[in-house]
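Notes follow once the structure below has been shown.
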Amino acid sequence: MEHYYLVVIKMILAIILLLIYSRVSTSRSIAPATPTDQISNMVVGAIVGGNVLSPDVSILESVLTMGLWTILLLVIRLLKKSNPKIKQSIDGSDLVLMSDGKFDVDKFEEAKMPMDQLMHSIHLQGINSLEQIDEIILTAGGSLIVNTKKDKDNSLLVISRGDILEDHLEKAGKDRNWLNQKLQEHNVKNVEDVYMCEYFDNDINLIMK
């Protein structure tokens with residue numbers, strides 16, 4: 001009977017820890033989950049399930065395990081934010097499946113996406129044929145960006161909370177020197193003062209902190 005009481009206490013504690021974990025480790029986002037998010041959720045599920053059901057794991061050990069995993073996750077997040085190369089190596093980078101109306105078979109094979117899934121996604125966006133498409137981008141989060149030949153290119157986020165997104169700048173065909181010049185034209189002296197900056201139509205749109 002004592003074992004069942006311990007399981008109930010652990011379950012209540014697990015719910016509390018999961019609520020704290022979700023508040024600390026995640027941010028509100030409309031983007032699909034990154035590989036880091038998916039792995040962390042699976043690990044948390046394994047930790048909670050194992051700790052609750054195992055009579056050999058004490059309540060203190062359960063708390064310490066969840067605490068250590070949350071700290072590790074926050075460290076990984078800080079590393080990703082501080083270094084774009086680390087972020088790219090962990091979460092991956094966007095794949096350009098089609099550019100200037102030309103389909104890249106090698107990139108598509110690298111993405112390991114079923115062909116019927118690609119066509120279904122395109123048809124859901126009201127596009128009848130690949131012939132109408134200028135560019136297809138598969139983001140690191142798994143979403144599909146499709147630009148038709150009659151569309152203008154979508155804007156690109158080049159600064160987020162003071163951090164310059166080098167891969168997006170490269171995708172826009174620009175570099176730091178160009179961005180710094182544009183910031184000077186907008187009387188911005190420090191990039192850390194920029195909350196958000198998007199590139200569109202060979203210019204930038206700024207939102208300051």
Between [X] and [Y], what is the shortest heavy-atom contact and its length?
X	Y	result
Leu144	Gln125	O-NE2, 3.8 Å
Ile133	Asn147	CG2-O, 3.6 Å
Leu157	Cys197	CD1-O, 3.5 Å
Ile145	Thr139	CD1-CG2, 3.7 Å

Legend entry - Geometric class of the Tyr199/Trp178 ring pair [parallel <30°, tilted 30-60°, perpendicular >60°]: perpendicular
Are [X] and [Y] in one and the same hydrophobic cluster, where Ile, Leu, Val, Met, Phe, Trp and Tyr link if side-chain heavy atoms are under 4.5 Å apart?
X	Y	value
Met119	Ile136	yes
Leu64	Val75	no
Leu165	Val194	no
Val188	Met196	no
Leu124	Val146	no

Is any side-chain heavy atom of [X] closer than 4.5 Å to a side-chain heavy atom of [Y]?
X	Y	answer
Ile207	Glu198	no
Asp104	Leu95	no
Lys182	Asp203	yes

How long is the straight-line distance from [atom2] of [Y] back to [atom1] of [X], given to the nearest 0.5 Å?
X	Y	atom1	atom2	result
Leu118	Ile122	CG	CD1	4.0 Å
Glu110	Leu97	CD	CG	9.5 Å
Ser155	Ile204	OG	CD1	13.0 Å
Leu78	Leu73	CG	CG	10.0 Å
Met98	Ile137	CE	CD1	12.5 Å
Lys112	Leu138	NZ	CG	12.0 Å

[X] atom [atom1], over 12 foreign heavy atoms within 6.0 Å:
X	atom1	result
Glu185	CD	yes
Glu170	CD	no
Lys107	NZ	no

Where the side chain of [X] meets the backbone of [Y], is there a donor-acceptor pair that is under 3.5 Å apart?
X	Y	result
His120	Asp116	no
His168	Leu156	no
Gln132	Ser129	yes

Inset, instruction - Before accepting this row, confirm whether a basic side-chain N of the pair Glu192/Lys209 lies closer than 4.0 Å to the acidic partner's carboxylate O. - result: no
Legend entry - Residues that Tyr195 engages under ring-ring contact (aromatic ring centres under 6.0 Å, His included), provided they are two or more places apart: none
